[in-house]
Every structure is written in structure tokens, then in C-alpha cells.
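Here is how names work: the chains are called A, B, and so on, in the same order as the sequence lines, proteins then strands, and each is numbered from 1. When reading the values below, keep in mind they use all heavy atoms of this one structure, side chains included, and skip hydrogens, waters and symmetry mates.
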Amino acid sequence: MRRSRAFIPTTKEAPSDASLASHIYLSRAGFISQVASGLYSYMPLAKRVIKKIENIINEEMVKAGAEEVELSFVTPASLWQESGRIEKFGKELLRFCDRKENLFVLGPTHEEMMVDMVRNRVTSYKQLPINLYQIKTKFRDEARPRFGLMRGREFIMKDGYSFHSSVADMDREFDAMEAAYKTILTRLGLDFRIVEADSGAIGGNGSKELMVIAGSGEDTIAVCSKCEYGANVEAAKRSGRAAIPEAPVAEFNKFKTPNVKSIEDLEDFFKVDGYYTMKCVAKRAVYEDDSEVVLFFVRGCDTLQEVKAQNATGALDIVDVSEEELRELGLIPGFIGPLEQGCAKHVIDTDLRDAKSIICGANEEGYHFVNVDMSVMSEAYYADIAAVNEGDCCPHCNGTLTFTKGIEVGHIFKLGTTYSAALKAEFLDENGKAQPFVMGTYGMGVSRLVAAVIEQHHDEQGCIWTKATAPYMVNIMISNIKEDSQVELGEELYAKLQAAHVEVMLDDRKERFGFKMNDAELIGFPYTIIIGKELENGLVQIFERKTKESTSVSKDDVFSKIIDLI
RNA sequence: CGGGGUGUAGCUCAGUAUGGUUAGAGUACCUGGUUUGGGACCAGGGGGCCGAAGGUUCGAGUCCUUUCACCCCGACCA
């Protein structure tokens, strides 16, 4: 492409509302254009990057034996009623009626549509397994779209769905998809971790997220310093703390502790580490029809992980409760403990099972119990509800866990029969018995990947595309188009590189050197061939965007040098 | 969905407190000339329903009412 003919509207200034690097540079470099909140148009450069990512996904999916399909974007609301998700998704579903007053929904994901397509067509275990995927625009009417392509309302997603006759076969496919996703992200040139995740409302007992490591990521992930273990903090586990402080020595007793309400107060009052205190976090668990107050107990040095807490109760949601509500139940905020107290349901963190030397509230204004042995409460309900802390021990080895931020670019689920059962999608097994399909689902955010590449690869000058994602691999910059020899060499190289199927841009604009260089750096071509002053000596420069280093090479060697580099 | 903020040229923003000529700057764009290794310079030029609707006033970008859009913090996010 000739830069003089290309539609690449670069600007010196970013839109005032952009804060994230990817948002700023993709806007400034002329990749994307905002149309409305969470809606973006892809201009030519972005379209090229998207196609490259899609091609890599397609190649790896074909290798893994999946077949590409395309389902309609407009989906009948009746399918969503059938699965029950019309309520669950709520306002995120964009609904509208056609001229005949039939209700439709713009597809935010396509489980229902895919199951509907397969059901009654695949009817025998002999036809299984199958794995179908598509790369398609999705629409979710997010309450708060933000960060450019990172969290748009309209976005491109690769979504795949597999159908199996057994859980074992689904597990096999899940592993195969994890491997394929790993290959895709590696090929894209990204630093990433595959981490254990919370499966959320979708259920199932296995879900992994693909996290691109970037400081601007919205998710916090815990990773092990020694082994491969990594998990979203919502789901991270631990085997304990690296250093356990010395236990306080005391007899079991009820102790007068006036105005000692917080964990800090307790630590001060008893001169004891928070590890030996017990914290109560009261929440209201909301179920489909009713709700109740649940008391969550964790060590004083830990914090409650709300997603884990919600999973432990099976609630649809957990919300805060006021002190008044607690007092109405007979609970005394600041002095709530699990012993001798039956006002509300308890969930105790597993780390407190059989714990010794614990100080906890005595359920009486101004009193705490000291030296509690938790083995007296062995019948209570224990669950993993505490958030892991940095420095905690890895659940798989003796390494320590550290935190890092990640961008969720993919999420794969072992779905099981959730959707097939709801939509009555069944096959006949070897015994002629009807069974719902066992399913897996595999999502990858294509447009979000575009942003993730830039979040991970940029500098003050702009974008730094990886070789696999670059809209053009090589930019030929003619420094001064009034110099015929420069133009001549530029044209010659342009033709030769094109003939060699290299994606090449020829900057043939009547602009000054600095202007064109800044532009090239902003866009982020991996390599720029600078044809300029040194041509008098038969030399041109190859500028590498990543390192910002340029090396002089003879004009006769530049073609083969470039071919070697890319 | 709660809290806050902003809408003036393609873009980034002044101007609004205290109403008063033809609404400004930078940048981008067009013409001509000079310049050509890090977003050049000179000269000339085009471009605005001041988010929208209604109101107050002799007079509204500025005051009042309504409304829409966008952004930020939080909640939410298979």
C-alpha cells in the first residue's frame, strides 16, 4: 500500500477521554474510531490486525479438528426464554421487535443458538464428538463500557462449542482446546498465563481463563514462583502461610475487652498477631425467592473473598448488611464469634479448621474468648472463603504466590449438560437411552486481543506490533521525495517486497523526515527501511521499532536483510 | 444502577462567574513559496445552528427549565 493513498488518519492528540495506552494509541494511529459509547469502527489498519488474529485462530482450530460455522447475530428471544437466560442476562441483552412484533435479542454469546442448531440433527453417540466455532460480532449492553476495545458493547469474539457423549470425552476436548489456545497466544507473541478461574453462574467444575499479563489488566491473578500454578484471585487456593507467627499462651477464658472491636484493636489489646484472631464478615445471601444473613469467619489477617463466599452459600448474590439488621438478629457487631451463638448461618474458612489459640468474639458486648480450640466446632460448615495473600504458599508445591494483573482474553468452560438439558438437546447412547449432550465452551476475545497486544507492547512513541499481528511488516520511508534516486530505490524495493509477498507500506508522502518517522513509530511497523541521506554512499537504514535501533546496510543487501529479519 | 464531571471548528481547548460589536487560540485542512535526518517556516484562505428543545431579555455560548449524549469512580461483567 502507498501511504499517500492509504486511509490512516493519524493525529497528534488523543481523544480527551482515552486513558489506557491501547485506547490512546489505537485512536491516535488511526486504527479505531469511536461511534458511540462502547461502539467502535475499525479502520483499515485495525481490520488488517483483526484478520491476522482471526487467521491464526482459524488455523489452530482446524488443526484441532474444529469446524467453522456462522450463526445469525439476531437471535429469537424464545431461545433465551427456553434456557432461562433472558432473566439472568437482564439488561445486557439488547432486545427489539421486528415488524411482526416478534421479540429478538442481539447475540451476546451463542450457547442457545448452537445447541438449537445441533439438537435433532445430531441424534446418536456415533456422531459425537463435534466441535463447532465461529468468529463473530457480539453485543452486550454493558452498564459501563470503557477502555476502548478492552470493554466495548459490540466486540468480536471467537466462540466454540463442543458436544460429547461423556464427561471423559469433554475433558479430553477441554485439554485439547487449552493447548490450542496456548498455541494461538504464543503465535501472537503474547506473554500470558492460563489460570484457574471461577466458573461463575454458568456452573460446571472446570474453567480456565487466558490472561495476558499487563499492568492495566482488570483482573488480579496469583501465580506461583516455582511451578505452573496460576489462578484468578476469585478462585486462587493456597496451602498455608509461609511463616506462622508464634502462638500466644493463655488459658481458655472469657476476657473483658471493652471497646475492642476491630482486628487492629485486638492485636493491640492482646499483643497478638492477627493470625490468631478471628474476623466475622456478615453478608446477606440473596437467593431466588428469599435471603438470609450469613456470617463468614476468616482469620484476622485474611480478607473475605466475595466470589468464594457466594459460591460457598450457593446464593445468587451477596450484599452488605447494616449494623441495625445485625442487632435485630441479636448479633453484636465487633463481638461476633462462632461459639455459643445460633442467630445466623455460619461459614468458616477452612484455614480455621482445628485451629488453636484463637481469639474470637464472645457474642456479648465487651467480651472476647481467648485460646479457643476450633476442634470443638468440627461439625460446623467449613469452606474456602478467604482471599489468598501475596506470599501465601502455592497449593501444588512449596513455592510462594505473587500477584500480577492480567487481561482476560479467553475463558474456557466445562459446561456439562447445563444447556443441553435446559434445551432438551439429546442423543441416544449405546443402550438406546436418551442423554443430554455433555458440552464444553471456549471463548476468545478477538477485538480485546488487539487492545491486549498494545497494552503489552507499546512505548511513549506508540504501538509496537508483534510480527504476527502487525498490519504491515515493513514500512519503506522515502526521506525526501524530491530526490529521484531515493524514490527510485523506494519503488524498486516496494515492488520486490510485494512480489515476495511481504506486507509492505511505501511512505511516499511529501513530508519531512521527522514527521514520517513519528508517524511510523506511532503506527508501529516492526521494520522501517529509511531511504535518505546515506543513499549517496550506497547505504540505507533498517529501523527496528521494538528496539528503536537503526543499522546501516548497503542498498543492494537491504532486500535480503529484510527477508531474513521477518 | 448509585455518585461525580463534560458538551464551543475534524482534533485539543479558551471564552460562561458579572448577558452586549462579526465567537477565539493551537493543531489539522486548502493555495503559493521556501525547507527536507526527528511532528519546519512565511504569506493568504476555507471551516461553527456554541449538544438539542423551550423560556427570560431590547439582546443569550453566557441566565432559567427540560432533555440527550459522552466520560470518570463504584456496583455489575457466561
*Asks:* Where the side chain of A:Arg151 is concerned, which of B:C73, B:C77, B:G38 is the nearest nucleotide?
*Replies:*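 Shortest atom-to-atom distance from the side chain points to B:C77.
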*Asks:* May I ask you to verify whether the side chain of A:Glu534 and the base of B:G37 hold a donor-acceptor pair under 3.5 Å?
*Replies:*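 Side chain to base: no pair present.
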*Asks:* If I take atom CD in residue A:Glu13 and atom P in nucleotide B:U27, what distance separates them, rounded to the nearest angstrom?
*Replies:* 10 Å
*Asks:* Remember a base hit wins even if backbone is also touched, and classify A:Pro15 as base, sugar-phosphate or nothing at under 4.0 Å, heavy atoms.
*Replies:*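 Since only primed, P, OP1 and OP2 atoms lie under 4.0 Å of A:Pro15, the category is sugar-phosphate.
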*Asks:* Between B:C1, B:U36, B:C77, spot the one nearest the side chain of A:Glu142, thanks.
*Replies:* B:C77
*Asks:* Could you check which of B:A75, B:G37, B:G38 has an atom nearest any side-chain atom of A:Ile530?
*Replies:* B:G37
*Asks:* Paired with B:A40: which nucleotide, if any, by Watson-Crick or G-U wobble criteria at under 3.5 Å for both distances?
*Replies:* B:U34
*Asks:* Using atom P of each nucleotide, how far apart are B:G19 and B:C30 to the nearest Å?
*Replies:*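 So the two P atoms sit 42 Å from each other.
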*Asks:* In the structure shown, which nucleotide is the Watson-Crick or G-U wobble counterpart of B:U27, with both distances under 3.5 Å?
*Replies:* B:G10
*Asks:* Reckon A:Thr11 has a side-chain N or O less than 4.0 Å from the OP1 or OP2 of B:A28?
*Replies:* no
*Asks:* Measure from the side chain of A:Phe513, starting at C-beta and using heavy atoms only, and say which of B:G38, B:G39, B:C1 lies closest.
*Replies:*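 Given the options B:G38, B:G39, B:C1, the side chain of A:Phe513 is closest to B:G38.
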*Asks:* Does a side-chain N-to-carboxylate-O contact under 4.0 Å join A:Lys283 and A:Asp320?
*Replies:* yes
*Asks:* If B:C76 has a Watson-Crick or G-U wobble mate with both distances under 3.5 Å, name it; if not, just say none.
*Replies:* none
*Asks:* Using a 4.0 Å heavy-atom cut-off across all strands, classify A:Met157 as base, sugar-phosphate, or nothing.
*Replies:* base
*Asks:* Looking at side-chain heavy atoms only, is the closest gap between A:Val105 and A:Phe139 below 4.5 Å?
*Replies:*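 They are not in contact (no side-chain heavy atoms under 4.5 Å apart), so the answer is no.
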*Asks:* Side chains of A:Ser207 and A:Lys414: do they bring a donor and an acceptor to under 3.5 Å?
*Replies:* no
*Asks:* Nearest whole Å is fine: how far is B:C72 P from A:Met150 CE?
*Replies:*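 It is 13 Å, rounded to the nearest whole Å.
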*Asks:* Checking contacts here: which listed nucleotide (B:G39, B:A78, B:C1) is nearest the side-chain heavy atoms of A:Leu522?
*Replies:*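 From the listed options, B:G39 comes nearest.
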*Asks:* Measure CD1/A:Ile24 against P/B:U12 and give the value in whole Å, please.
*Replies:* 12 Å
*Asks:* Measure from CD on A:Glu460 to P on B:G38 and round the result to the nearest Å.
*Replies:*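 Atom-to-atom, A:Glu460 to B:G38, this comes out as 20 Å.
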*Asks:* Out of B:C70, B:U36, B:C77, which nucleotide sits closest to the side chain of A:Lys482?
*Replies:* B:U36
*Asks:* Please give the distance between the C1' atoms of B:C76 and B:U16 as a whole number of Å.
*Replies:*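 Per the computed distance, 37 Å lies between those C1' atoms.
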*Asks:* If you look at every strand shown and take non-hydrogen atoms under 4.0 Å, does A:Glu511 touch a base, only sugar-phosphate, or nothing?
*Replies:* base
*Asks:* Taking for each residue the nucleotide of RNA chain B bearing the nearest heavy atom, is the 5' side occupied by A:Asp519 or by A:Ser16?
*Replies:* A:Ser16
*Asks:* Taking the P atom in each of B:U62 and B:G51, what is the distance between them to the nearest angstrom?
*Replies:*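 After rounding to an integer number of Å, I get 8 Å for this pair.
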*Asks:* Let's test this: given Watson-Crick or G-U wobble pairing with both distances under 3.5 Å, identify the partner of B:U57.
*Replies:* none
*Asks:* How many whole angstroms separate atom CG of A:Asp507 from atom C1' of B:G39?
*Replies:* 13 Å
*Asks:* Over all strands shown, is A:Thr109 touching base, sugar-phosphate only, or nothing at heavy-atom distances under 4.0 angstrom?
*Replies:* base
*Asks:* Is A:Val298 close to A:Thr303 at the side-chain level, that is, under 4.5 Å between some pair of heavy atoms?
*Replies:*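 Side chain of A:Thr303 against side chain of A:Val298, heavy atoms only: no contact under 4.5 Å found.
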*Asks:* Can you tell me which nucleotide in B:G38, B:G39, B:A78 comes closest to the side chain of A:Glu521?
*Replies:*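 It is B:G38.
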*Asks:* Scan every strand shown for a Watson-Crick or G-U wobble partner of B:C49, both distances under 3.5 Å, and answer none if you come up empty.
*Replies:* none
*Asks:* Which class fits the ring pair A:Phe437 and A:Phe163: parallel under 30°, tilted 30 to 60°, perpendicular over 60°?
*Replies:*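 The arrangement is perpendicular - the two ring planes meet at more than 60°.
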*Asks:* Below 4.0 angstrom from OP1 or OP2 of B:U36, is there any side-chain N or O of A:Lys510?
*Replies:*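 Answer no for this pair, as no side-chain N or O of A:Lys510 is under 4.0 Å from OP1 or OP2.
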*Asks:* In Watson-Crick or G-U wobble terms, both distances under 3.5 Å, what is the partner of B:G19?
*Replies:* none
*Asks:* Looking at A:Glu488, I'd like to know if its CD atom is crowded, meaning that more than 12 non-hydrogen atoms belonging to other residues, nucleotides or ligands lie closer than 6.0 Å.
*Replies:*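 For A:Glu488, atom CD is not crowded (no more than 12 foreign heavy atoms under 6.0 Å).
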*Asks:* Rounded to the Å, how far apart are A:Asp141 CG and B:C1 P?
*Replies:*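 About 10 Å, once rounded to whole Å.
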*Asks:* Taking the side chain of A:Phe89 as its heavy atoms from C-beta onward, which of B:C1, B:A78, B:G38 lies nearest to it?
*Replies:* B:A78
*Asks:* Could one point to a donor on the side chain of A:Arg28 or the base of B:G39 with an acceptor on the other under 3.5 Å away?
*Replies:*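 By the distance-only test, yes, there is a pair.
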*Asks:* Looking at B:G37, does its base get a donor-acceptor pair with the side chain of A:Gln541 below 3.5 Å?
*Replies:* yes
*Asks:* For the base of B:U27, is there a side-chain donor-acceptor partner from A:Lys12 under 3.5 Å away?
*Replies:* no
*Asks:* Separation of A:Asp317 atom CG from B:A78 atom C1', in whole Å?
*Replies:* 16 Å
*Asks:* Taking atom C1' in both B:C1 and B:A9, compute the distance separating them and give it to the nearest angstrom.
*Replies:* 36 Å
*Asks:* Find the distance A:Arg146:CZ to B:C1:C1' and express it as a whole number of Å.
*Replies:* 13 Å
*Asks:* Please measure how far the P atom in B:G20 lies from the corresponding atom in B:A60, and state the result in whole Å.
*Replies:* 11 Å
*Asks:* From the set B:C70, B:U12, B:G37, return the single nucleotide nearest to any side-chain atom of A:Gln34.
*Replies:*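 Looking only at heavy atoms from C-beta outward on A:Gln34, the closest nucleotide is B:C70.
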*Asks:* Between A:Glu173 and A:His164, do the side chains contain an N or O donor and an N or O acceptor separated by less than 3.5 Å?
*Replies:* no
*Asks:* Assuming nearest nucleotide by heavy-atom distance, tell me which of A:Lys533 and A:Ala18 is located more 5' along RNA chain B.
*Replies:* A:Lys533
*Asks:* For the C1' atoms, the ones on B:A23 and on B:A40, what distance do you get once it is rounded to whole angstrom?
*Replies:*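 One C1' to the other, the span is 30 Å.
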*Asks:* Inspect the contact between A:Asp175 and A:Arg172 and indicate whether a charged nitrogen and a carboxylate oxygen are less than 4.0 angstrom apart.
*Replies:* no
*Asks:* Got a salt bridge between A:Glu491 and A:Arg2, using NZ or NE/NH1/NH2 to carboxylate O under 4.0 Å?
*Replies:*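 A:Arg2 and A:Glu491: salt-bridged.
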